[in-house]
Peer 1: 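If you scroll down you'll find the structure; I have some questions about it.
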Amino acid sequence: MNHQLRRLRRPPPPPRLVRRLTLPQSLHHCHTSPSPPSPSSSSLSLSDPPFKSTILDLIKKQHWSQLKPLLNPPTTPSNFLQELFDSNFPSDAILAFFRWSQLGFQVSHSLQHLCKLLTLLANDKKYSKIRSLLHFSVHCSQPFSISSFFHALVNCSDDFCGNSVIVDMLVLAFVNNGKLDLAVEGFKRAGDYGLKLSVLSCNPMLGGLVKEGKVGTNEFVYREMIRRRVELNLITFNTVINGFCKAGKLSKAGDIVEDMKVWGILPNVVTYNTLIDGFCKKGGAGKMYKADALLKEMVEKGVCPNNITYNVLIDGFFKDDNVVAALRLFKEMQEQQLTPSVLTYNLLIKGLCGEGRIDDALKLRGEMVNLGFEPSVVTYNLIINGYCKKKMLVEARQLFDDILKQGVEINALTFNTLIDAYCKSGKIDEGIALRDLMLTQKVCPSVSTYNCFIGGYFREGNIGAADKLLDEMEEKGLRADLVTYNVRINALCKRGESRKAVRLLDEMSEKGLIPSHITYNTLMAGYCREGNPNAALVVRRRMEKEGKRPNIVSYNVLIKGFCEKGKLEEANAYLNEMLEKGLVPNRTTYDIIREEMMEKGFIPDVDGHLYTDSTKA
DNA sequence: TTAGGGTTAG
């Protein structure tokens, strides 16, 4: 211990206590072991062995009330702590005092003291205590800057390994407390100091970055980990692959799979599931073909698909409007002896409801109950939504009342689904009654609840009521979100005030909200409806400047806009551009073409290209 | 210690 302490490069010691610590009278009688200090010694220092062991005993037994009188002015918790350091108290005891004094006296110890304690614990290899101390410090104490932490740490110790462990756990503490920016800053600074971090902190940090959609930082950390020779593991690769997949950067995800090979790490079922999900959700044209090919590849390579593999694919095929393939996979899953979960059934119920096949969805609910699965609130929300989309409001309400009676824990989403359906069918009063029920059921109306009502009032043309709700929402501390703005923009566009609506884009960016495809498409549709497709093109440029490529709906809007203006050449040009970009035309695209262009002699072929009778010949 | 589901907006 002494040897280790000598290795600490200490800053000049703070002045010793002016007054030597004085043992309160009560303490002369209460300590049992070791032998009490002599009654004559009313003034003692922690360097006196008997007094030291008394204090140590009090700390170990957590007899704080007896310790408290020692901390009266001019002694402070901080200089008492310094005494503990100077008197070579064991790290455990110092830690116990540190935490108690922070909680009991609401003091935040200095970074110097924190780092000193951390290095003591590192010397003693008490890593779980370092982890919890840092978690506590990041969670409860005054915020501190990364640079001052590093400064204090290297002043305390030049032990490379110990300091690396401490910083590793500091980064982890930031991640676990949702302070990702600080975690990344700590990671960068560790590189400046040449400290070596591990996957214990880097993997969770990568995971956090994926959740927040920060794909650029995710890639930076990954590359930096390789450069700093951090020993990457399977989880590192899977997490980075997930980051790229979520951002739609599938070829980069593929590059990481190649990196894995270089490292001699084989992709596992998580790797494949992540990639398959990436293709299902962001794969563009032919995505399900590629996803299916990945399923075959994993089987060939001896990686066994699991529940999640099938869930992801079933969801993907439903979203691709391929009900047959989705149901085939459900069957295949059971043939593989894989038991579907509640989630699997929910995906199937969602898919069937989306196709309007409520009866089939209900049959599946029966099947899952027979198999012993308890339908979740998600299951019910899906079925209620299915009824609502088919305008079967009576059935939706009946199911809602039933599950309420059964004691299913319905949530804001359940209410919102039904409220929105009422608002859309002109029964806003019924919606309001439901909101009252929400309050009695102790379910808090959310921003989405307000969005449903605001949309409803706008649809009715009751601008005053909508504006009032917007104010009420803010008063209640609920901040308008992306959908709120989309609803407002849509309302303005429908009233022929697209120019006013465009101004809301600036308000959004002031509030830190990023407009979505829907935002821009709504604006473009607004201008097109006003007979001004060229203004829609200006919106499109703005959208592209913000890094968003037009999607199918964007093209549909433009094609329709130019069609209605009789500018068929332009309409056709946008259709071709859409096909060149690998976007797959949907039903709306065909409808637009049929309605607007077929009478002009154009006919769409199966690829979505247009031809006339003469070109076909 | 990494992968999968529900509402509102085009």
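Naming: A, B, ... by sequence-line order, numbering from 1 per chain. Please read these numbers as outputs of a predicted model, since none were measured by experiment.
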Peer 1: Under 6.0 Å between ring centres: does that hold for A:Phe330 and A:Tyr310?
Peer 2: no

Peer 1: Mind checking A:Thr309 for me? I need base, sugar-phosphate or nothing, with any heavy atom below 4.0 Å counting as a touch.
Peer 2: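 Nothing: the residue A:Thr309, judged by heavy atoms under 4.0 Å, touches no strand.
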
Peer 1: Rounding to an integer number of Å, can you tell me how far A:Ile349 CD1 sits from B:dT7 C1'?
Peer 2: 17 Å

Peer 1: Give A:Val487 one of three labels, base, sugar-phosphate or nothing, depending on what nucleic acid heavy atoms sit under 4.0 Å from its own.
Peer 2: sugar-phosphate

Peer 1: If you only use heavy atoms from C-beta on, which nucleotide in B:dT7, B:dG6, B:dG4 is closest to the side chain of A:Thr417?
Peer 2: B:dT7

Peer 1: Heavy-atom count around A:Glu367 CD within 6.0 Å, excluding the residue itself: above 12?
Peer 2: yes

Peer 1: Round to a whole Å and report the spacing from CD1 of A:Ile276 to P of B:dG4.
Peer 2: 12 Å

Peer 1: Donor-acceptor check, side chain of A:Lys389 to backbone of A:Gly354, threshold 3.5 angstrom: yes or no?
Peer 2: no

Peer 1: Are side-chain N/O atoms of A:Asn242 and A:Thr274 paired as donor and acceptor at under 3.5 Å?
Peer 2: no

Peer 1: Which is true for A:Asn233 with a 4.0 Å heavy-atom rule: it touches a base, it touches only sugar-phosphate, or it touches nothing?
Peer 2: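 No contact.
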
Peer 1: With the side chain of A:Asn490 defined as its heavy atoms from C-beta on, choose the nearest nucleotide among B:dA9, B:dT2, B:dG6.
Peer 2: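 It is B:dA9.
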
Peer 1: Which of these nucleotides, B:dT2, B:dT7, B:dA3, is closest to any side-chain atom of A:Asn273?
Peer 2: B:dA3

Peer 1: Side chains of A:Asn486 and A:Asn451 only: does a donor on one sit below 3.5 Å from an acceptor on the other?
Peer 2: no

Peer 1: Are OP1 or OP2 of B:dA3 and a side-chain N or O of A:Lys211 less than 4.0 angstrom apart?
Peer 2: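 So the side chain of A:Lys211 is outside the cut-off, no N or O lying under 4.0 Å from OP1 or OP2 of B:dA3.
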
Peer 1: Would you indicate which nucleotide in B:dG4, B:dA9, B:dT7 comes nearest to any side-chain atom of A:Ser516?
Peer 2: B:dA9

Peer 1: Are the aromatic ring centres of A:Tyr387 and A:Phe400 under 6.0 angstrom apart?
Peer 2: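 Not under 6.0 Å, so no.
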
Peer 1: Look only at the side chain of A:Thr522 and the backbone of A:Ile518, and say whether a donor-acceptor pair between them is shorter than 3.5 Å.
Peer 2: yes

Peer 1: Does the B:dG10 base have a donor-acceptor partner in the side chain of A:Asn556 within less than 3.5 Å?
Peer 2: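 A donor-acceptor contact between them is absent.
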
Peer 1: Does A:Lys281 put a side-chain nitrogen or oxygen below 4.0 Å from OP1 or OP2 of B:dA3?
Peer 2: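 No, outside the criterion.
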
Peer 1: What's the closest nucleotide to the side chain of A:Val312 if the choices are B:dG4, B:dT8, B:dT1?
Peer 2: B:dG4

Peer 1: Among residues 521-541 of chain A, which ones have heavy-atom contacts with DNA chain B below 4.0 Å?
Peer 2: A:Asn521, A:Thr522

Peer 1: Closest to the A:Asn385 side chain: B:dT8, B:dA3, B:dA9?
Peer 2: B:dT8

Peer 1: Does A:Ser341 reach a base, just sugar-phosphate, or nothing at all? Heavy atoms under 4.0 Å.
Peer 2: base

Peer 1: Using side chain to side chain donor-acceptor pair (under 3.5 Å), reason through A:Glu472 and A:Tyr450 one step at a time and then give a plain yes or no.
Peer 2: CA-CA 9 Å; A:Glu472 183 190 308; A:Tyr450 278 92; 2.7 Å; yes

Peer 1: Can you identify which nucleotide, out of B:dG4, B:dT8, B:dT2, has its nearest atom closest to the A:Asp420 side chain?
Peer 2: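 Given the options B:dG4, B:dT8, B:dT2, the side chain of A:Asp420 is closest to B:dT8.
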
Peer 1: Between atom CG in A:Leu504 and atom C1' in B:dG10, what is the gap in whole Å?
Peer 2: 15 Å

Peer 1: State which of B:dT7, B:dT8, B:dG4 makes the closest approach to the side chain of A:Lys389.
Peer 2: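 The answer is B:dT8.
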
